[in-house]
Amino acid sequence: MRTSQFPLNTVKETPADAEIVSHQLMIRAGLIRKLAAGLYNWLPLGLRVLRKVENVVREEMDRAGGLEVSMPVVQPAELWQDSGRWEVFGPELCRFQDRHHRDFCLGPTHEEIITDLVRNEIKSYKQVPVNYYQIQTKFRDEIRPRFGVMRAREFLMKDAYSFHMTQDSLNDTYEAMYGAYSRIFERLGLEFRAVLADTGAIGGSLSHEFHVLADSGEDAIAFSDQSDYAANVEMAEAVALKFPDEAPAELATVATPGQHSIDEVSAFLKVEPQRILKTLLVKGTEGGVVALLLRGDHELNPIKATKLPSVAYPLEFASDAEVREAASCAPGSVGPKGLTIPVIADRSAAELVNFVCGANVDGQHLTGVNWERDLPRHEVADLRLVVEGDVSPDGQGNLRIARGIEVGHIFQLGTKYSEAMQATVLNEDGKNQVLTMGCYGIGVSRVVAAAIEQNHDERGIIWPEALTPFQVALTPINMATSEKLQATAEHLYTTMKAAGLDVLFDDRKARPGVMFADMELIGIPHRIVISERLLETGRAEYKNRRDGEAIEIALEEVIPFLLSRPGIA
RNA sequence: CGGGGUGUAGCUCAGCUUGGUAGAGCGCUACCUUCGGGAGGUAGAAGUCGAAGGUUCGAAUCCUUUCACCCCGACCA
């Protein structure tokens with residue numbers, strides 16, 4: 001491709017409304033342009049990258065036995081009413097009516113549609129398992145779209161849905177998808193981790209997320225430094241931290257006027273926070289409140305808390321009035337002693353000895369408290385967020401915490417949708433049997449942004465080979481003034497293309513600085529420069545975008561040299 | 001939805017407090033000079049000052065309403 005026929009829509013200035021690097025660079029490099037909040041046009045350069053991702057995804061899905069389909073973006077309400085999600089889904093489901101006043105929505109996901117398709121088309125156990133996938137535009141009316149295509153309202157997603165007679169069969173496909181996803185992100189040249197995940201609103205049992213590691217990531221993930229354990233911190237199991245054995249101290253009541261927070265009490269009583277018991281009162285499912293106990297240095301994990309049958313979802317803290325009713329004091333002085341409401345202790349809180357807790361009297365705390373002697377043993381659960389350095393739940397190594405961008409998510413759905421929508425087939429006994437489902441998503445447009453977050457410098461994007469819109473930039477200097485240079489450039493361009501190289505020939509009448517800056521901004525990994533000066537010795541200059549390595553090579557060696565570069569052929 | 005902020009040329013912004021015929025830099029067009037790291041000069045094109053209403057002799061500027069966009073929180077690939 002020639003730049004004279006492929007306008008580079010680069011801009012020098014950083015757009016004012018772009019927060020993160022990938023968003024800024026995608027606009028500066030001319031990959032995307034915003035149309036409205038959360039809606040983007042993809043320019044030719046950006047679309048080339050998007051298609052690269054798409055193709056890798058498609059190849060690996062096909063290799064793993066997926067069958068490509070295409071389902072409409074617009075979906076009839078009836079199917080959503082069938083699954084029960086028409087009512088359950090919030091305002092992010094964009095609903096509208098057609099001219100006949102029939103209800104429709106823009107598909108945020110396609111479980112309903114595929115389940116309907118399968119219940120109509122798949123009749124026999126002989127036709128399963130099947131794994132249908134599509135690469136399709138989705139629309140979610142996000143509360144707050146941000147970070148460019150990272151959290152857009154309209155985005156490109158690969159979604160796959162598998163149907164099975166047995167859990168074993170689902171396990172097989174789940175594993176195949178796990179493998180396919182790993183290959184996809186490896187081929188794309190991204191540093192990623194697969195982590196145990198919460199199944200969230202989609203429902204189901206087993207689930208893994210695939211995260212591209214980047215400091216700007218919205219998710220925190222925990223992984224062991226010695227084993228392959230990895231989980232979203234929302235999910236990461238927190239093991240009980242033992243407390244050193246000590247002789248029991250005497251139980252005492254102390255005045256702690258005006259000391260409410262853990263830090264205040266810690267400073268006032270000169271006791272380290274980990275020896276103070278934090279008592280949180282939250283709303284319960286039955287309408288009352290429930291007490292959750294944590295070590296003072298630990299934080300509550302709301303996801304874990306709301307999974308407890310007695311705790312209301314979503315998590316809501318008790319009001320001051322409710323606290324006073326349950327504990328007869330203000331929130332800063334609450335403790336478990338004497339409470340008549342349900343009490344659940346975190347595993348590590350249950351290990352405390354000689355600790356401090358609220359006395360349920362304003363301005364008073366208890367010291368030297370011990371379980372059993374002073375307080376009954378309560379229900380114990382995993383309630384806290386893991387922290388860096390925690391023992392890994394598999395017992396091997398310690399947890400480290402990194403930030404990641406979720407680019408893929410695989411679920412074992414079970415029969416949630418197939419049951420509700422009656423997706424059944426006849427089994428070997430001639431009986432109707434509900435199919436078991438899995439679903440598997442990749443945020444294709446998000447992958448592009450994630451790749452940039454992970455691969456850029458102060459000059460712009462540095463594309464991994466598998467994603468780059470062009471492999472090689474051919475930049476002749478002042479070509480217009482030299483017929484010889486022009487002829488050499490044209491010849492190089494033609495032979496490079498013939499050699500199968502995807503080359504962007506900068507034939508603009510631009511100054512060298514402009515060409516270099518543009519090619520670096522748009523992230524082309526390899527650059528060939530030719531000039532009058534170089535021509536005198538029959539050489540060209542090669543420069544690598546990532547490591548900045550620059551060498552001169554003989555003109556006739558240019559193509560063999562490029563083809564020998566890792567990842568290019 | 002709650003809290004905060006911004007709308008003026010394609011982009012980044014000044015002008016608004018104190019009302020008086022619309023500005024800069026970048027980008028774009030043409031020409032001259034320059035030519036290995038976002039050049040210099042000359043000339044030019046380009047704006048219903050987000051929209052509506054009001055106050056005023058006169059509104060980008062003051063008042064009211066409204067829309068859009070951005071940031072912080074709860075949702076998600």
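The structure presented is a predicted model; accordingly, all values stated were derived computationally and were not measured. Throughout, protein chains are lettered first and strands after them, A, B, ... in sequence-line order, and every chain is numbered starting at 1.
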Counting side-chain heavy atoms from CB outward, which of [options] is closest to [X]?
X: A:R28; options: B:C72, B:C69, B:G38; value: B:G38
X: A:E142; options: B:C76, B:C70, B:G36; value: B:C76
X: A:K543; options: B:A74, B:G36, B:G37; value: B:G37
X: A:A36; options: B:C69, B:G37, B:G38; value: B:C69
X: A:V529; options: B:C1, B:G36, B:G27; value: B:G36
X: A:F411; options: B:A77, B:C76, B:G38; value: B:A77
X: A:E520; options: B:A77, B:C70, B:G37; value: B:G37
X: A:I143; options: B:C13, B:G36, B:A74; value: B:A74
X: A:A37; options: B:A77, B:C69, B:C75; value: B:C69

Tell whether [X] reaches the base of [N] with its side chain through a donor-acceptor pair below 3.5 angstrom.
X: A:R151; N: B:C76; answer: yes
X: A:R144; N: B:G4; answer: no
X: A:E13; N: B:G38; answer: no

task: Using distance alone, with no hydrogens and no angle criterion, decide if A:D507 and A:S4 have a side-chain donor and acceptor under 3.5 Å apart.
output: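 Present: a donor and an acceptor within the cut-off.
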
Any base atoms under 4.0 Å from [X], or only sugar-phosphate, or nothing? Heavy atoms, all strands.
X: A:D159; answer: nothing
X: A:G90; answer: nothing
X: A:I405; answer: nothing
X: A:R508; answer: nothing
X: A:V407; answer: sugar-phosphate
X: A:K34; answer: sugar-phosphate
X: A:A18; answer: nothing
X: A:R459; answer: base
X: A:E19; answer: sugar-phosphate

Taking only side-chain nitrogens and oxygens of [X], does any of them come within less than 4.0 Å of OP1 or OP2 of [N]?
X: A:K158; N: B:A77; value: no
X: A:R511; N: B:G36; value: no
X: A:R146; N: B:G73; value: yes

Please find the pair of heavy atoms, one from [X] and one from [Y], that lie closest to each other, and give the distance.
X: A:L50; Y: A:V444; result: CD1-CG1, 3.9 Å
X: A:A36; Y: A:K34; result: O-CG, 3.2 Å
X: A:A194; Y: A:A230; result: O-CB, 3.6 Å

Work out how far the [atom1] atom of [N] is from that of [M], and round it to whole angstrom.
N: B:A43; M: B:G38; atom1: C1'; answer: 23 Å
N: B:G10; M: B:U17; atom1: C1'; answer: 31 Å
N: B:U8; M: B:C13; atom1: C1'; answer: 9 Å
N: B:G15; M: B:G23; atom1: P; answer: 15 Å
N: B:G20; M: B:G25; atom1: P; answer: 23 Å
N: B:G53; M: B:C71; atom1: C1'; answer: 30 Å
N: B:U55; M: B:A68; atom1: C1'; answer: 26 Å
N: B:U61; M: B:C16; atom1: C1'; answer: 4 Å

- prompt: If you measure from CD1 on A:I551 to CZ on A:F561, what distance do you get to the nearest 0.5 Å?
  reply: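 That separation rounds to 3.5 Å.
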
Counting only Watson-Crick pairs (N1-N3 plus N6-O4 or O6-N4) and G-U wobbles (N1-O2, O6-N3), all under 3.5 Å, who is the partner of [N]?
N: B:G2; result: B:C72
N: B:G7; result: B:C67
N: B:U42; result: B:A30
N: B:G20; result: B:C57

query: Roughly, in whole Å, what's the span from CD in A:Q134 to P in B:A77?
result: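 After rounding, the gap between these two atoms is 16 Å.
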
message: From OH of A:Y181 over to C1' of B:A77, roughly how many Å is that when rounded to an integer?
response: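 Interatomic distance, OH of A:Y181 to C1' of B:A77: 10 Å.
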
- prompt: Does A:F155 lie flat on the base of B:A77, that is, centres under 5.5 Å apart and planes under 30° off?
  reply: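 One would call A:F155 stacked on the B:A77 base.
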
- prompt: Which residue, A:M150 or A:T481, contacts RNA chain B at a nucleotide closer to its 5' end, judged by nearest heavy atom?
  reply: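 Final value for this comparison: A:T481.
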
Residue whose closest nucleotide on RNA chain B lies nearer the 5' end, A:M515 versus A:F147: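 Here A:M515 is the residue nearer the 5' end.
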
Six-ring centre of [Y], [X] cation under 6.0 angstrom, axis tolerance 45°:
X: A:R193; Y: A:F223; result: yes
X: A:R546; Y: A:W463; result: no
X: A:R527; Y: A:F516; result: yes

